[in-house]
Each structure stands twice: as C-alpha cells, then as structure tokens.
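A quick write-up on the structure given underneath.
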Amino acid sequence: KSTTPITTSKKIVVGTEASFRPFEWRNEQGDIIGFDIELAKEIGAQIGADVEIQNIPFDGLIAALNNKNIDMVSSAMTITEKRKESVDFSKPYFEATQAIVLKKGSSFKSLSDLKGKNVGIQNGTTGQDVVETLMGNRDPHIKRFESVLDALNTLRIDGLDAVVADKPVVQNYLLSNPESQLVLLDDTSFVKEEYGFAFRKGDTELQTQVNEALDKLEKNGKIKELATKYLGE
Ligand code: ARG
C-alpha cells in the first residue's frame, strides 16, 4: 500500500506557445520567460500554487486543456466567441490588435491590398481569422506557420509578401531586429482584442481564483509594473 503524503502542494500546469516575445519566449538559458509567464507565476503565488510551464504549439493549446494535459492557457490568447464554445476565459488582462508586417519599400497600403498575395500567419491565431475572412480559408496564398518568428523569418528571405500578427509582438521584433528591413502597417479595420487566460469549461474554481488574483494584482500595481517591464508601457 502506498502512503499518502500529509500535505500536497497545489500545482497549476500552464500551457503556452513560447515564441511570442514579449509575452512568452525562451531566454538564452532556455527558460521560458515573459509577461504572461511572470503574471501566471504571480497568480500562482496569490493562490498558493506552484506553476509549471509547458511549451505547446498554439493550435494545440485548447486540446491540451481539454485533454487535461494542462490546467490553464497563458499564451496571449484573445478572448473570442468561437473559443468560448470550447473553453472558459478569465477576465481580460491585456489589450492588443493585429498589425501587418511588410518588407521595406513594399507598396501595400491596407489589409485589402493583401488579397491574393502570399500572407504568413501563425496557425490557430486571430491573425489567421483576419486573413481567412479576407481571402477565404482555402486560399493557398495563406501560408501557415507554427510560430510568428518562422513567418517573419520567411518574409525576410522573400518567401512571403506580408505577415499578419499581434501588434505588440511585431513591434518587439522590429525593435530587437533593426537590421530586418521589415516595417509595420496599421489597418483601421483591425478590431481591439483582449487577452485572457483559458480554462477547461466548467473549471470555475480555478477561473474564480485566477480572477480574484487578477483583481489583486491590478489593485497593487503589479500588472502595470509587468507591462512596463516587458512592453515599456
Ligand atoms: N492573440 C492571438 C490569438 O489569440 C495570437 C496569440 C499567439 N500566442 C502565442 N503565444 N503564440 O490568436
């Protein structure tokens, strides 16, 4: 017979797609760091739970949640009606929008100019939704990548005409890669998106605890502090 430990510390297994700087990425030591990661750890501290981070392809995060491989998604995930059919979300913790990335000297002026052009997106993202709405989801000009970094690197070597991805991530990339010869283009048709943590449907216990922790971290200035640290905001 196995003995039951007297105390088991709580653990939250958090899934993320860790090539999305400044929200989640690997540092030179190979540790996964970023705004979402530090925020998840602060939430864990509030709840009294250890936080374990798992790197999972973005389009596999919701399945990982529903298979119980992870308990929570912290991956700059936009709260959408479509996703709400399969997961529950925390209250919003960050606001963003999409942006278009072009090669310097490119003549495209807006999203609609990209119709029929080779546009890169990260699989399973709201960037993909935007481009599919424009071009139809079967258009072979839509080039699907595992990560935004792969898409941007392909754009740099002339393999694409544009990339559509979350604006804060694009801005971070352009700042840290000044030699990239890439530029950002805004489009007024992009709507405001709100990031939330995702939970298995009906896991209201964790959802409530996380929302309460978010309230505290909002009030004590921690979220603001992390935004300044990672986004310079
Ligand atoms: N906000 C976008 C979405 O929800 C992109 C998120 C991608 N996140 C990531 N860690 N790769 O679809």
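We count ligands from 1, going down the list as the structure has it; atoms in each ligand are counted the same way. Predicted model only: the values in this text are computed from it and were never measured.
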Output yes when the distance from some N or O of ligand 1 to some N or O of [X] is under 3.5 Å, and no in every other case.
{"X": "Phe58", "answer": "no"}
{"X": "Gln122", "answer": "yes"}
{"X": "Tyr195", "answer": "no"}
{"X": "Gln98", "answer": "no"}

Between the side chains of Asp36 and Tyr195, does any donor sit under 3.5 Å from an acceptor?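 Distance-only check fails for Asp36 and Tyr195.
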Around [atom], find the nearest protein heavy atom and jot down its residue, atom name and distance.
{"atom": "atom 3 (C) of ligand 1", "value": "Thr126 OG1, 3.4 Å"}
{"atom": "atom 1 (N) of ligand 1", "value": "Asp166 OD2, 2.6 Å"}
{"atom": "atom 8 (N) of ligand 1", "value": "Ser75 O, 2.9 Å"}
{"atom": "atom 9 (C) of ligand 1", "value": "Phe20 CG, 3.3 Å"}
{"atom": "atom 6 (C) of ligand 1", "value": "Ala76 O, 3.3 Å"}
{"atom": "atom 11 (N) of ligand 1", "value": "Glu17 OE1, 2.7 Å"}

Check the surroundings of atom NZ in Lys201: do more than 12 heavy atoms from other residues, nucleotides or ligands lie under 6.0 Å from it?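 More than 12 within 6.0 Å, yes.
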Applying a heavy-atom cut-off of 4.0 Å, say which part of Arg83 lies close to ligand 1: side chain, backbone, both or neither.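 It is the side chain that touches ligand 1; the backbone stays farther off.
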Between Gln128 and ligand 1, which residue portion shows a heavy-atom distance shorter than 4.0 Å: side chain, backbone, both, or neither?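 It is neither; nothing of Gln128 touches ligand 1.
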Salt-bridge criterion met for Arg200 and Asp71 (N-O under 4.0 Å):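 Counted as a salt bridge, because a side-chain N and a carboxylate O are separated by less than 4.0 Å.
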Within the 4.0 Å heavy-atom shell around Met77, which atoms of ligand 1 are there?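 Counting atoms of ligand 1 from 1, those under 4.0 Å from Met77 are 4 (O).
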